[in-house]
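Report on the following structure.
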Amino acid sequence: MPVNDVSVPPVAIPQSADSLVPHIPGVIFQFYRSHSGHMNFPYLEGGGIALAYVDRQQLAKDASLLLEQLTGSDHPKVMSAIERSARWMLPLNTRFRLPFPKEKPHWIAVSANPEPIESGVRWNGLMLDITDQVIEEQRLRKLCDTDPLTSLPNRRKLMVQLTHLTSLSTRHGTPLSIMMIDIDHFKQLNDRWGHLQGDSVLKQLATVTQSLLRCEDMVARLGGEEFMVVLPLTSLQQCHKLADRLRQTIAEHDFGMGQGNVTLSIGVAEYRCGEPMVSLIERADRALYSAKDVGRDCVCLLP
Ligand SMILES: Nc1nc2c(ncn2[C@@H]2O[C@H](COP(=O)(O)OP(=O)(O)OP(=O)(O)O)[C@@H](O)[C@H]2O)c(=O)[nH]1
C-alpha cells in the first residue's frame with residue numbers, strides 16, 4: 001500500500017497555546033519588578049505540582065509572598081540572580097527550594113528572559129519542578145565523594161575540602177593541621193587473617209577515628225590502608241596530642257583478632273600560611289615515613 005494512503009485519525013488542533021498551558025508539567029510566568037523594587041507575577045499559569053499551594057491571585061499583586069517563603073541561602077541567591085539579570089539584561093537562571101505543606105520542599109528551576117520597560121523590568125519564563133533530578137544529582141555527588149568500604153569521604157572530596165580550608169587559614173591566619181595515618185604491616189594482617197578481616201579493620205579504624213574527632217574535623221580514606229585527618233583551628237601540638245591518643249586507642253582496640261594486632265604510624269604537620277597545599281601534604285608524608293623508620297606504632301612530626 002502506498003505510504004500516503006495510511007489514514008491518520010483526526011486530532012483536534014489547539015486553537016491557542018492558552019488551552020495547552022494547564023496541561024504542561026511546569027509553569028509559564030511573567031514576573032515584573034518596578035524601579036522602586038515592587039515585584040509581582042502578572043501571569044502565572046501551568047500544570048504539575050509547582051502551583052498546587054501558591055495563591056496566584058495574591059502573587060499577581062505581590063511576589064514577595066512567594067519570595068519570603070524561601071529558606072536558608074535560597075532567598076539571597078534568588079534576589080541576587082534577579083538583580084544581576086535586571087542590571088545586565090542577562091537571562092535569569094537559578095533554582096530554589098519551594099516549601100510544601102507536610103512534604104519536603106520541592107526544587108524549582110527558573111529560566112526567564114528580561115525585557116526593560118519604562119517602569120521597570122519584565123521577565124517571561126518557565127519554572128520546572130526538578131526535585132527528582134536534584135535528588136539524583138545529590139546521590140551521584142555522594143557516590144563520587146565517598147569511599148564505598150568505609151563510607152568516609154574519599155581522596156577527591158578531601159582535596160576539595162583541604163583546598164577550601166587552607167585558603168581560609170591563609171585569609172584569617174588561623175591554624176590548620178593534618179595527620180597522615182598508615183596501618184602498620186597491613187599486608188601481613190591480610191595474609192594472616194584474610195582480606196575480609198582486613199576490610200573489617202579498615203571499617204573499624206574509620207569508626208574509631210571519627211569518634212575521636214569534632215564535627216568540623218574530617219577523616220578521609222586516601223586509598224588502601226592510608227587515611228588523612230584534617231583539623232581546622234588546631235595547632236601542631238594539639239594535633240600531635242590527638243594523633244597519639246588515636247594511635248593508643250587503636251593499639252588497645254579489640255579488632256576481634258586478639259590485642260596488639262593493629263598499630264598505626266602517623267605523621268603530623270601544620271599548615272604554614274600561604275604555602276601550596278602539596279607542601280603541607282609532603283611534610284606530613286615525610287613525617288609518616290619517619291614514623292615507619294623509627295619502628296612504627298608512633299607519631300612523628302618534622303621541624
Ligand atoms: N583488606 C584490604 N586490604 C587492602 C585494601 N586496600 C589495600 N589493601 C592492602 O594493604 C596492603 C598494603 O601493604 P603495604 O603497602 O606493603 O604496606 P604494609 O604491609 O602496611 O607495610 P607498612 O606500611 O610498611 O607498615 C596490601 O597488601 C594491599 O593489598 C582494602 O581495601 N582491603
Side-chain angles (χ1 to χ4, degrees), residues 138-163 177-213 217-231 234 236 239-271 277-303:
Q138 288 167 343
R139 192 184 70 79
L140 290 176
R141 194 170 314 128
K142 185 138 198 274
L143 216 58
C144 284
D145 287 343
T146 307
D147 167 50
L149 180 70
T150 59
S151 300
L152 290 180
N154 59 16
R155 178 187 288 270
R156 203 186 86 90
K157 174 77 179 168
L158 176 110
M159 290 304 168
V160 171
Q161 182 70 357
L162 195 56
T163 305
S177 297
I178 64 171
M179 288 180 211
M180 197 70 95
I181 302 166
D182 192 279
I183 303 176
D184 296 327
H185 300 305
F186 194 55
K187 186 173 177 325
Q188 284 176 23
L189 190 149
N190 267 330
D191 292 346
R192 180 166 174 209
W193 298 93
H195 214 262
L196 281 183
Q197 183 62 51
D199 284 356
S200 164
V201 167
L202 294 168
K203 287 194 258 187
Q204 290 182 64
L205 172 60
T207 310
V208 172
T209 308
Q210 270 177 319
S211 73
L212 294 180
L213 300 178
D217 304 334
M218 177 191 249
V219 51
R221 184 180 177 206
L222 299 182
E225 82 293 17
E226 206 173 53
F227 295 76
M228 191 197 281
V229 172
V230 181
L231 303 161
T234 306
L236 191 60
C239 176
H240 189 278
K241 227 164 122 183
L242 181 61
D244 205 51
R245 178 135 48 96
L246 172 63
R247 182 201 60 75
Q248 205 174 332
T249 307
I250 292 299
E252 289 166 2
H253 183 80
D254 181 4
F255 283 90
M257 306 175 297
Q259 279 200 1
N261 278 315
V262 180
T263 60
L264 301 179
S265 294
I266 306 179
V268 294
E270 183 171 356
Y271 182 61
M277 188 177 78
V278 286
S279 309
L280 169 70
I281 297 174
E282 274 168 16
R283 221 167 32 256
D285 236 352
R286 279 189 281 118
L288 169 61
Y289 283 106
S290 300
K292 293 278 182 192
D293 279 348
V294 297
R296 299 177 171 81
D297 189 17
C298 65
V299 180
C300 274
L301 55 88
L302 292 178

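Quick caveat, the model's predicted, so the values are computed rather than measured. Whatever order the structure lists them in is the order used to number ligands and atoms, beginning at 1.
Side-chain N or O atoms of Asp184 include one that pairs as donor or acceptor with a backbone N or O of Asp297 at under 3.5 Å. A donor-acceptor pair under 3.5 Å is absent between the side-chain atoms of Ser200 and the main chain of Leu196, judged by distance alone. With Arg247 contributing its side chain and Ile250 its backbone, the two residues share no donor-acceptor pair below 3.5 Å.
With Phe227 as reference, Leu205 is the one residue of Thr209, Leu222, Leu205, Leu264 to meet the side-chain contact (heavy atoms from CB on, under 4.5 Å) rule.
Side-chain atoms of Ser265 and Leu288, non-hydrogen and from C-beta on, do get closer than 4.5 Å to each other.
Within a 6.0 Å radius of CZ in Phe186, more than 12 heavy atoms belonging to other residues, nucleotides or ligands are found.
Taking a heavy-atom cut-off of under 4.0 Å, ligand 1 is surrounded by Asp182, Ile183, Asp184, His185, Phe186, Lys187, Asn190, His195, Gly198, Asp199, Leu202, Arg221, Gly224, Glu225, Lys292, Arg296.
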